[in-house]
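Keep in mind that the numbers below use all heavy atoms, side chains included, and drop hydrogens, waters and symmetry copies.
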Amino acid sequence: MGLRSGLTGDRRRAMKTGPIPEALTRLDALEREGLTDPAERKALEAVAAEFRVRVSSAMATVPTAGVRAQFLPDVRELQVRPEELVDPIGDEVHAPVPGLTHRYADRAILHATKACEVYCRFCFRRETVGESGHLGEAEFDRVVDYLGRTPMVREVIFTGGDPLVLSPRRLGAMLDRLEGLGTLEVVRFHTRVPVVAPGKVTEALVRVLDRALPVWMVVHTNHPDEITEAASAALRRLNRAGVPLLSQTVLLKGVNADADTLEALFRKLIRNRVKPYYLHHPDLAKGTGHFRVTLAEGQAIMAALRGRLTGIAQPLYVLDIPGGHGKVPVGPGYLRRDGKAWIVTDPRGAEHPYRDL
Ligand SMILES: *Cc1c(COP(=O)(O)O)cnc(C)c1O
Ligand code: SF4
């Protein structure tokens, strides 16, 4: 049922093959490109009224069902389950000033904008992203003021929305102010732009990121077919500017929740000089139940990758504990107690005793 199965059949044949010059934000545009089913129009209108729709031109032309399922509205989004909390990651609980989330002592998250290049159907911030407007100048002043008073924050993490929808000039101005504080060791960007809108990684952008204060980037990507040649070229531009590249991936049913797809993704990332950093267990965001896998399924996939995939391509599998209690690794575990000793499981599943001194 739903769009996912339809896409691999008739609808995909109906798809136009030429380039799509602009992001698609309306249902009639998606239908024109053969991406959604006119018969589902009414239900999809209800979905779009709840959660904004935007498919970047780069992603609208990738035919893989697992890529499209991330961006195309689906009638199943209307099914809200009781466990799906309003603020699944507790951003609001830890906001000392508007726009900043300070949950961990040494680092804080800056919501520089609520806009994104694409609106991912599984997004854990789906109830706040998509509103117009970026963080204003006066609000940013308050953020800088807080950071000035709070030198234990040594890292500012630009997130969103997607911070790379901001102009290079605006980002440069913000980075200059943060660098001027003298208290930061590093600035980090969490972004989907290099993959979903690689044309936005311009020389002007790369120039503002190449600075004395180290800028790290965590690229959000979930499927190997998302990393097009244009995306590879964008990653290379960033890499050449001295921006260390990491990735984060959300484990998603119907997209990447099997060892083969994730192995292909993580291998492609290291070929692009990107170190897989986190594999996120899906959050309890509203209307995303059809994407969710169990922790046991996630652990089994990670266990399958251990031993078969080079260590530099292995991310840490993490859960953001609902309610804003933090992110923790969720296994699988390879170690258990046996009286005063330990039992260690090897990558093939065999157990071995281990004794501390
Ligand atoms: C995820 C997150 C961070 C960053 O955590 P890392 O483990 O350093 O990647 C920081 N603050 C908040 C509120 C977060 O949710
Ligand atoms: S915040 Fe990230 S995951 Fe959420 S819609 Fe924007 S790009 Fe997608």
Side-chain angles (χ1 to χ4, degrees), residues 56 58-59 62 67 70 106-107 109-110 112-113 116-118 120 154-166 168 171-172 174-175 178-179 184-252 255-256 261-280 305 309-318 327 329:
S56 65
M59 290 298 100
V62 177
V67 173
Q70 298 177 63
D106 74 335
R107 56 209 190 277
I109 284 190
L110 177 62
T113 176
C116 302
E117 268 306 316
V118 285
C120 309
R154 300 199 229 173
E155 174 179 11
V156 169
I157 303 170
F158 280 74
T159 181
D162 195 316
L164 292 194
V165 306
L166 297 174
L171 286 171
M174 292 171 96
L175 288 169
L178 294 176
E179 188 162 353
L184 299 182
E185 291 174 337
V186 56
V187 164
R188 188 196 323 177
F189 282 81
H190 277 241
T191 177
R192 219 150 162 28
V193 160
V195 169
V196 301
K200 292 221 152 175
V201 182
T202 57
E203 285 306 322
L205 172 65
V206 159
R207 263 197 308 275
V208 303
L209 300 180
D210 186 357
R211 58 175 57 232
L213 178 65
V215 174
W216 286 56
M217 192 171 285
V218 180
V219 178
H220 178 174
T221 179
N222 299 326
H223 194 287
D225 293 353
E226 274 173 20
I227 307 172
T228 58
E229 274 179 34
S232 285
L235 293 169
R236 191 72 177 117
R237 287 194 287 282
L238 290 162
N239 180 264
R240 284 214 174 93
V243 177
L245 297 173
L246 305 172
S247 69
Q248 63 173 345
T249 295
V250 184
L251 183 62
L252 297 166
V255 175
N256 61 14
T261 304
L262 286 179
E263 178 181 349
L265 172 63
F266 299 148
R267 286 195 188 280
K268 196 160 187 178
L269 284 166
I270 60 167
R271 288 203 299 279
N272 282 281
R273 300 176 171 80
V274 181
K275 161 80 185 101
Y277 174 49
Y278 279 160
L279 175 67
H280 290 271
L305 292 176
L309 176 63
T310 168
I312 62 169
Q314 304 264 357
L316 195 63
Y317 178 36
V318 294
K327 262 183 231 82

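Here the shortest heavy-atom pairing between Asp162 and Thr113 reads O-CG2, 3.3 Å. Leu213 and Glu179 get closest at one heavy-atom pair: N-OE2, 3.3 Å. Pairing each heavy atom of Pro214 with each of Glu185, the nearest pair is CD-O, 3.3 Å. Of all heavy-atom pairs between Leu316 and Pro329, the closest is CD2-CG, 4.0 Å. Closest approach of Pro244 to Gly242, counting heavy atoms only: CD-O, 3.2 Å. Contact record, Gln314 with Leu305: NE2-O, 3.0 Å, taken as the closest heavy-atom pair.
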* Test side chain to side chain contact (heavy atoms under 4.5 Å, CB included) on Leu171 and Phe189 and set out the steps. => CA-CA 11 Å; Leu171 286 171; Phe189 282 81; 3.8 Å; yes

* Asked: Given Leu235 and Val201, is the side chain to side chain contact (heavy atoms under 4.5 Å, CB included) satisfied, shown in steps?
  -> CA-CA 8 Å; Leu235 293 169; Val201 182; over 6 Å; no

* Asked: What's the verdict on side chain to side chain contact (heavy atoms under 4.5 Å, CB included) for Lys200 and Leu205, showing C-alpha distance, side-chain angles and the deciding distance?
  -> CA-CA 8 Å; Lys200 292 221 152 175; Leu205 172 65; 6.0 Å; no

* Asked: How far apart are the C-alpha atoms of Met59 and Glu117, what are their side-chain angles, what is the distance that settles it, and do they pass the side chain to side chain contact (heavy atoms under 4.5 Å, CB included) test?
  -> CA-CA 10 Å; Met59 290 298 100; Glu117 268 306 316; over 6 Å; no

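A donor and an acceptor atom, one from each side chain of Thr261 and Asn256, are nowhere located under 3.5 Å apart. At a cut-off of 3.5 Å, with distance as the only test, a side-chain donor of His190 or Gln248 sits close to an acceptor on the other residue. Side-chain contact annotation: Thr221 with Glu226, donor-acceptor N/O pair under 3.5 Å present.
Between Glu263 and Arg267, at least one side-chain nitrogen of the basic residue sits less than 4.0 Å from a carboxylate oxygen of the acidic one, meeting the salt-bridge criterion. Salt bridge Arg188/Glu155: present, at least one basic N to carboxylate O contact under 4.0 Å.
Between the CZ atom of Arg273 and the CZ atom of Arg236 there is a distance of 3.5 Å, given to the nearest 0.5 Å. Going from atom CG of Leu251 over to atom CG of Leu262 covers 6.5 Å, rounded to the nearest 0.5 Å. Atom CG of Asn239 is separated from atom OG of Ser232 by 11.5 Å, given to the nearest 0.5 angstrom.
Counting heavy atoms from C-beta outward, Pro315 and Thr249 have side chains that stay 4.5 Å or more apart. In this structure the side chain of Pro163 never reaches within 4.5 angstrom of the side chain of Met174, judged on heavy atoms. Two residues are said to be in side-chain contact when any heavy atoms from C-beta on lie closer than 4.5 Å; Leu209 and Val187 fail this criterion. Counting heavy atoms from C-beta outward, Val250 and His220 have side chains that approach closer than 4.5 Å.
For the side chain to side chain contact (heavy atoms under 4.5 Å, CB included) criterion with Phe158, the lone passing option out of Leu164, Thr191, Leu178 is Leu178. When the options Cys116, Ser56, Cys120 are evaluated for a side chain to side chain contact (heavy atoms under 4.5 Å, CB included) with Val196, the one that passes is Ser56.
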